[in-house]
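In what follows, every chain begins at residue 1, and chains take the letters A, B, ... in the order their sequences are listed.
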Amino acid sequence: MTHPKKILDWALHAYADGELDDTDKKLIEKELASDPEARALVDAWQRQKQQICDAFASVFEEPVPESVETVLLPPKAYLSVWHVAAALILVLVLGLGAYGLGWLVSGRDAERFAESALSAHIVYAFENERPVEVPASERDYLDRWLTSRFGRPVIAPDLSSRGFAFVGGRLLHEEQRPAAQLMYEDRSKRRLTVYMTANTTGSEIPFRLKKDAHLTTCYWLDEDAAYAVVGELQPSELLPLATFIHKAMEAPKRS
Amino acid sequence: MQLAYSSRRMALRSEIAGEVPHLRRFALALTGDASLADDLVQDCIEQALRKQHLFDETRKLRSWLFAILRNLYISGLRRNSRGKLVSLEIDVASASGKLHEQEAHLALADVKSAIARMPPLYREVLLLIALEGMSYREVSEITGVPVGTVMSRLARARAGLRVLLGENGTSGLRRVK
């Protein structure tokens with residue numbers, strides 16, 4: 001830096017990256033107003049940031065490769081050749097295939113479950129007259145109802161801190177089992193639904209993403225329940241919401 | 001026949017699954033190669049699951065995973081340079097010089113190839129800050145270098161990137177002390 005009045009470059013970087021507190025920020029902003037060269041630098045860095053984000057944005061739209069998903073499956077899903085051979089023998093000898101290979105079915109069950117969640121979203125989320133059966137004003141009733149249906153404390157998660165207001169819920173059915181759809185809405189009236197039912201597969205599956213045209217579904221199976229979150233959102237927007245919901249659903253179970 | 005799988009461990013798996021898009025994006029930007037990136041993400045998750053007892057829950061999961069991924073990547077680089085560990089360090093020290101030399105060949109290079117040409121230790125700092133919006137402190141924790149080093153690497157990476165992208169003008173070459 002040659003000019004004594006020039007602000008330290010480091011302070012400029014820290015400013016560009018939001019590292020400064022309000023006092024320092026104001027100080028830099030005052031300086032920037034009278035230093036076009038510094039202003040141009042900060043602008044160039046912001047542009048770089050945007051260019052870098054744009055260059056790699058498409059990764060969020062891609063499905064997660066199977067090799068990565070496999071690593072995330074609980075250990076019981078890892079089967080060696082011997083396990084498979086033993087299972088086959090068991091099937092042949094005992095004819096109990098449906099039970100013995102229950103883990104194989106769970107992946108397809110989960111996909112079917114995600115399909116139901118998506119259909120339910122398409123049917124009700126675009127409904128203006130009566131999108132829900134039980135409105136948000138009767139939340140206590142809804143929580144009691146969910147709790148009795150699922151046989152454990154279940155509370156409709158509060159997503160207001162994430163910009164989504166609770167609209168209400170609806171009783172549906174998944175195969176022969178009761179299912180619930182909870183609906184949320186953000187300021188621009190984009191709707192998000194959380195679909196849940198009991199998990200009868202006996203398996204657990206961590207987050208999976210599915211994208212259909214504008215709608216993204218994130219679904220997972222925990223030890224008692226299957227969940228799907230559907231919304232007209234990018235996967236990068238939906239995933240943090242799903243993580244938040246996952247945590248909220250875990251909380252009442254623990255207490 | 002099946003062992004009960006604790007719900008806390010399951011929760012960690014789901015939380016890691018939620019981080020996969022970020023891990024893949026970071027790995028792709030680091031390596032510049034989609035299949036290398038996915039191998040790296042897979043190794044990272046395997047190591048995280050193996051070492052989950054070491055995860056400090058007061059820390060952000062993303063930072064922990066990024067640190068694992070980054071260490072795997074850097075140690076891979078060091079291995080491939082067949083013991084010439086110094087070359088990586090020299091790269092860092094002379095990086096701005098090198099970037100400037102390449103200027104002529106890269107007048108209109110796109111961002112991806114410009115990033116790929118950057119020395120790894122600069123690249124990771126720029127990516128963590130520009131792509132992931134991480135704070136200098138987080139980057140310092142992930143890369144294991146002091147905040148001051150993070151800042152000087154960042155400054156050089158940004159100046160270098162401007163050159164690589166053909167954004168000429170003296171301001172791009174302004175000295176950083």
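- Taking each heavy atom of Leu239(A) and Pro21(B) in turn, the nearest pair found is CD1-CG, 3.1 Å.
- Considering NZ of Lys247(A) and CD of Glu15(B), their distance stands at 4.5 Å, rounded to 0.5 Å.
- Looking at Leu126(B), only its side chain comes within 4.5 Å of chain A, counting heavy atoms on both sides.
- Both the backbone and the side chain of Leu131(B) have a heavy atom closer than 4.5 Å to some heavy atom of chain A.
- The shortest distance between side-chain heavy atoms of Leu165(B) and Gln51(A) falls below 4.5 Å.
- Using a 4.5 Å heavy-atom threshold, the side chains of Asp17(A) and Leu154(B) count as touching.
- Both the backbone and the side chain of Ser67(A) come within less than 4.5 Å of a heavy atom in chain B.
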Could you give the side-chain donor-acceptor pairs of residues 228-236 of chain A under 3.5 Å, partners two or more places apart or in another chain?
none

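- From Leu28(B), atom CG reaches atom OG of Ser58(A) across 7.5 Å, with rounding to the nearest 0.5 Å.
- Each of Glu62(A), Glu61(A), Glu69(A) was compared with Arg24(B) under the salt bridge (charged side-chain N to carboxylate O under 4.0 Å, His left out) criterion, and only Glu62(A) meets it.
- For the atom pair Lys112(B) NZ and Phe56(A) CZ, the distance stands at 6.0 Å (nearest 0.5 Å).
- With respect to the salt-bridge test (charged N to carboxylate O, under 4.0 angstrom), the residues Glu204(A) and Arg13(B) do not qualify.
- Taken from CG in Leu12(B) to CG in Leu72(A), the straight-line distance is 9.5 Å, to the nearest 0.5 Å.
- Between Ala17(B) and Phe207(A), the shortest heavy-atom distance links the atoms CB-CB, 3.7 Å.
- The CD1 atom of Ile52(A) sits 11.5 Å away from atom CZ of Arg123(B), with the distance rounded to the nearest 0.5 Å.
- The existence of a salt bridge linking Asp9(A) and Arg158(B) is excluded, since no basic side-chain nitrogen approaches an acidic carboxylate oxygen closer than 4.0 Å.
- With a threshold of 4.5 angstrom between heavy atoms, Arg208(A) does not approach chain B through any atom at all.
- The structure places CD1 of Ile129(B) at 9.5 Å from NE2 of His13(A), a figure rounded to the nearest 0.5 Å.
- When side chains are defined from C-beta on, Leu209(A) does not count as touching Val20(B), because their heavy atoms never get closer than 4.5 Å.
- Atom CZ of Arg59(B) has more than 12 heavy atoms from other residues, nucleotides or ligands within 6.0 Å.
- With a 4.5 Å cut-off on non-hydrogen atoms, Pro63(A) touches chain B through its backbone but not through its side chain.
- Residue Ala242(A) does not touch chain B at all, counting heavy-atom pairs closer than 4.5 Å.
- Taking both residues in full, the closest heavy atoms of Ser135(B) and Glu19(A) are given as CA-OE2, 3.1 Å, listed atom of the first, atom of the second, then distance.
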